[in-house]
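What follows is a set of notes on a single structure, which appears directly below.
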Amino acid sequence: MSYQIYQTDKAGLAQFYENIIGKNETYAPVLNFEKYEYKKVSKLADCNPESPIVLTMSMKPLFFPKNSAILKYKESSEGTEIIPDAEDDLAKKRVVLGVKHCDARALQVLDKVYQWDYHDEDYRKRRENTLIISTRCEKAGAHCFCTSLDYDVENSDAYDVMVVKAADGNYYLQAHTDKGDAFLKENTGKLAANDGIEKIKEQYTAFAASFALKMNYEEVSKRLNEQFDSSEFENATSNCISCNTCSFICPTCHCFKISDEKIKDKGIRYKAYDSCNSPYFTLMAGGHNPRPVKYRRWRQRAMHKFVYYKERFDVNLCVGCGKCAISCPVNIHIFDVVNQVANKA
Amino acid sequence: MNYTKQIQEIATRLFSENKIDVFVGYRKNTYGDNQVPVLINSAEEVSKLMMDEKSSFNLTNYLKYEHTRNKRVGLIVKGCDSRALNLLITENQVKRENLYIIGICCEGVVDEKGEIAGNCTECVMPNAVVYDELLGSPQPVREYKPNAEVIELAAKSLEERAATFEEIFSNCIRCNACRHSCPMCYCAKCCIDQETSALFNGANTLPNATHALLTWSLHLAGRCVDCRNCEKACPMHLPLHLLHKQNEMVIYENFQQHLSGIEEKDPGAFYKYSLNDPDDFIM
């Protein structure tokens with residue numbers, strides 16, 4: 001099903017964004033410590049919906065924050081009383097601007113695991129109440145390889161509205177879901193553009209041609225599965241320092257740890273990020289650790305991204321955003337690791 | 001500053017004379033500008049090695065991992081890296097006789113933007129202090145000057161200082177990359193990983209992040225060599241040097257102008273007793 005396309009210029013787009021920010025609770029990339037993070041904004045000047053992909057962190061914290069209290073209780077002589085949750089700020093009706101398509105795809109991937117055997121209600125509410133306005137990247141970053149994976153970057157329904165800056169300098173707004181279509185109808189007074197679809201295609205072709213990293217996904221995934229015992233895992237990751245940044249900033253890494261904190265008669269149970277690259281991740285009571293060395297941890301990370309998740313949910317866990325390599329202090333790229341292992345004869 | 005050729009020659013020689021099992025150096029980064037650490041196990045791989053002003057990572061960090069433990073290691077150290085190495089030897093973490101050290105007289109490294117790195121502008125020891133072989137001509141040793149940002153911060157009111165650090169700590173995601181990238185952090189079980197202790201837990205609340213980062217920085221007081229591996233590793237780009245430079249200044253002023261790792265067999269400021277140590281806080 002194709003939706004109406006709207007055309008506007010730079011000033012018109014700014015007006016469109018400004019309207020959204022005025023009317024809705026809006027999150028957008030905000031510069032913070034020399035990089036962009038998705039934060040609540042009150043005016044367009046505070047944020048940059050066209051933030052460069054290499055400097056933009058994922059919007060995972062808007063759905064899976066770095067720390068959340070999942071249980072609060074109070075003990076008294078009568079017993080233990082559960083304190084009801086305060087209103088979840090992230091579950092309000094909201095719009096996110098300037099989302100990169102890989103980041104939006106990451107949510108589709110996460111939906112599978114969050115709505116699997118256990119249904120995460122917090123996540124579901126946050127997800128349902130969020131409208132995603134994506135900005136198509138003009139050019140691929142040096143680390144990007146999203147077009148090589150198992151999803152359709154061009155016609156994805158991971159985001160509701162896509163903003164495309166065409167070669168002619170105009171902006172084209174296209175809905176990719178019913179929700180986005182209704183939103184655009186309500187929020188744009190501009191005339192529809194008849195030639196929009198060609199302009200959008202043209203821009204995508206130029207964007208798709210700018211990728212330096214390409215791989216044969218099916219082949220790599222299949223080969224990887226056969227290479228579980230390959231010594232290449234060790235060679236490819238020997239300079240890893242097990243620092244965990246890759247999984248903490250990954251838009252699809254979703255492992256967490258539970259910690260209890262109790263002060264006098266009140267207690268809180270927290271959920272916070274964890275990482276399979278940490279030596280403590282698989283450490284068991286009694287001291288046994290099935291993944292005591294880093295190549296085994298890396299193997300788990302690579303196989304989970306490219307093999308196990310695909311087997312279970314039929315989507316690839318890695319979305320090809322390259323954020324792990326950008327943040328890695330020693331620049332190990334999961335793209336290189338999986339290719340090196342898969343291409344080993 | 002380009003020592004690629006010399007380092008390849010030395011590494012080839014070391015492997016052919018069977019003096020080392022593994023060589024820790026830099027290779028070209030295919031994605032960005034900064035060179036990436038690489039571990040090499042044979043003379044065939046030597047052509048990967050390179051070394052120039054973009055080789056900024058402190059390689060002594062690799063001495064704690066399984067690839068180098070109890071092996072004969074060749075590695076490259078710049079001035080700051082060699083200070084860390086000196087301390088690791090003093091603290092009995094590595095055996096000097098297991099190492100073949102290529103020292104560099106460092107003219108300063110550049111960051112990802114191509115500008116001279118912050119720590120290099122205030123470097124007190126650009127030349128390697130411990131080495132088997134020294135490359136380059138010795139650079140002038142500079143006098144210690146406290147960090148300008150730290151002095152500026154120290155002049156502010158308590159509230160302003162608290163707000164600055166609160167902003168840093170509240171942005172921390174507690175990935176602990178700062179600790180993992182630090183060559184001086186080698187504890188088998190770090191105190192901030194004690195998930196079930198009364199003092200620490202895994203939650204990422206502001207008090208927890210504050211506690212973890214302050215504890216970490218205090219454990220490095222008098223031991224930090226200002227290589228800024230922690231800042232290079234931090235995915236949130238937090239200015240962690242503020243913590244370390246503050247400690248460094250206090251220690252320099254109070255403990256006989258101590259600068260960590262410059263002298264051989266010199267333990268950290270907190271590990272040695274001197275009659276001149278300040279005791280005015282006791283009585």
Side-chain angles (χ1 to χ4, degrees), chain A residues 32-35 37 54 57 61 65-69 141-143 212-213 234-235 238-249 256-262 268-275 277-280 283 292-295 322-333 335-336, chain B residues 22 24 26-27 29-32 34-41 45 56-57 59 61-62 64-68 113 167-168 171-182 188-190 193 195-196 198 200-209 229-239:
Chain A
N32 184 30
F33 288 111
E34 300 174 10
K35 67 192 180 304
E37 282 175 62
V54 289
M57 307 295 283
K66 64 179 181 180
N67 190 57
S68 49
H143 308 77
L213 301 184
E234 192 164 5
N235 298 339
S238 63
N239 64 339
C240 170
I241 58 170
S242 297
C243 75
N244 309 343
T245 52
C246 45
S247 32
F248 274 61
I249 56 89
F256 56 84
K257 58 190 161 198
I258 301 287
S259 310
D260 281 310
E261 199 170 271
K262 196 175 172 217
I268 306 180
R269 177 163 289 178
Y270 288 108
K271 174 177 160 185
Y273 292 172
D274 204 352
S275 163
N277 265 3
S278 160
Y280 309 120
L283 186 64
V293 288
K294 62 191 175 191
Y295 87 87
K323 286 186 172 56
C324 49
I326 294 166
S327 78
C328 179
V330 297
N331 282 76
I332 302 176
H333 197 339
F335 178 89
D336 292 344
Chain B
V22 55
V24 188
Y26 302 94
R27 69 164 166 81
N29 182 357
T30 32
Y31 300 108
N34 278 17
Q35 314 313 355
V36 185
V38 65
L39 278 73
I40 280 181
N41 295 306
E45 298 172 279
S56 60
F57 202 80
L59 299 178
N61 183 41
Y62 283 96
K64 64 186 168 202
Y65 295 106
E66 63 259 24
H67 296 86
T68 52
K113 290 179 214 139
E167 209 201 333
I168 296 174
N171 272 288
C172 172
I173 55 170
R174 286 204 68 192
C175 60
N176 295 338
C178 45
R179 185 194 67 200
H180 285 287
S181 61
C182 177
K189 180 95 189 182
C190 175
D193 279 327
E195 308 226 332
T196 50
F200 289 100
N201 62 50
N204 192 353
T205 54
L206 179 59
N208 259 330
N229 260 15
C230 48
E231 278 193 0
K232 284 167 212 155
C234 181
M236 306 310 278
H237 302 204
L238 302 179

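In what follows, chains are A, B, ... by sequence order, proteins preceding strands, each numbered from 1.
In this structure the side chain of A:Glu37 reaches within 4.5 angstrom of the side chain of B:Met236, judged on heavy atoms. Residues A:Lys294 and A:Asn277 are not in side-chain contact: their nearest non-hydrogen atoms beyond the backbone lie 4.5 Å or more apart.
When all heavy atoms of A:Ala325 and A:His143 are compared, the closest pair comes out as CB-CD2, 3.5 Å.
At a 4.5 Å heavy-atom cutoff, the contact between A:Ala272 and chain B is made by side-chain atoms alone. When heavy atoms are compared at a cutoff of 4.5 Å, B:Tyr62 approaches chain A solely by way of its side chain, counted from C-beta outward. Contact of A:Ser238 with chain B is made through backbone and side chain together, with heavy-atom distances under 4.5 Å. Heavy atoms closer than 4.5 Å to chain A are found nowhere in B:Asn41, neither backbone nor side chain. Only the backbone of B:Cys172 comes within contact range of chain A, judged by heavy atoms closer than 4.5 Å. The contact between B:Glu167 and chain A is made by backbone and side chain atoms together, counting heavy-atom distances below 4.5 Å.
Of the residues considered (A:Ile268, A:Ile332, A:Leu213), A:Leu213 shows the highest number of contacts with chain B, using heavy-atom pairs under 4.5 Å. Put simply, of A:Val330, A:Ile326, A:Asp336, the one with the most heavy-atom pairs under 4.5 Å next to chain B is A:Val330. Chain A forms more heavy-atom pairs under 4.5 Å with one residue of B:Leu238, B:Ile173, B:Asn34 than with any other, namely B:Ile173. For chain B, the option among A:Asn67, A:Thr245, A:Val293 with the highest count of heavy-atom pairs below 4.5 Å is A:Asn67. Here B:Thr205 is the residue among B:Thr205, B:Asn176, B:Thr30 with the most heavy-atom pairs under 4.5 Å with chain A. Annotation: maximal heavy-atom pairing with chain A below 4.5 Å, among B:Pro235, B:Ala233, B:Cys178, B:Pro239, occurs at B:Pro235. No other option in B:Glu66, B:Arg174, B:Lys232 has as many heavy-atom pairs under 4.5 Å with chain A as B:Glu66. Contacts with chain A were tallied for B:Asn208, B:Val38, B:Val24, B:Asn29; B:Asn29 has the most, counting heavy-atom pairs under 4.5 Å.
A donor atom on one side chain and an acceptor atom on the other are not found under 3.5 Å apart for B:Asn201 and A:Asp260. Remark: the B:Asn61 side chain and the B:Asn229 side chain contain no N/O donor-acceptor pair separated by less than 3.5 Å.
Remark: side-chain polar atoms of B:Thr68 are paired, donor with acceptor, to backbone N or O of B:Tyr65 under 3.5 angstrom.
Cation-pi geometry between A:Lys66 and A:Tyr273 is not met at under 6.0 angstrom from the ring centre and within 45 degrees of the axis.
For B:Arg179, the salt bridge (Lys or Arg N to Asp or Glu O under 4.0 Å) criterion is met by B:Asp193, not counting sequence neighbours.
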| said: Apply salt bridge (charged side-chain N to carboxylate O under 4.0 Å, His left out) to residues B:Glu45 and B:Arg27 and explain how you reach the verdict. | reply: CA-CA 11 Å; B:Glu45 298 172 279; B:Arg27 69 164 166 81; over 6 Å; no
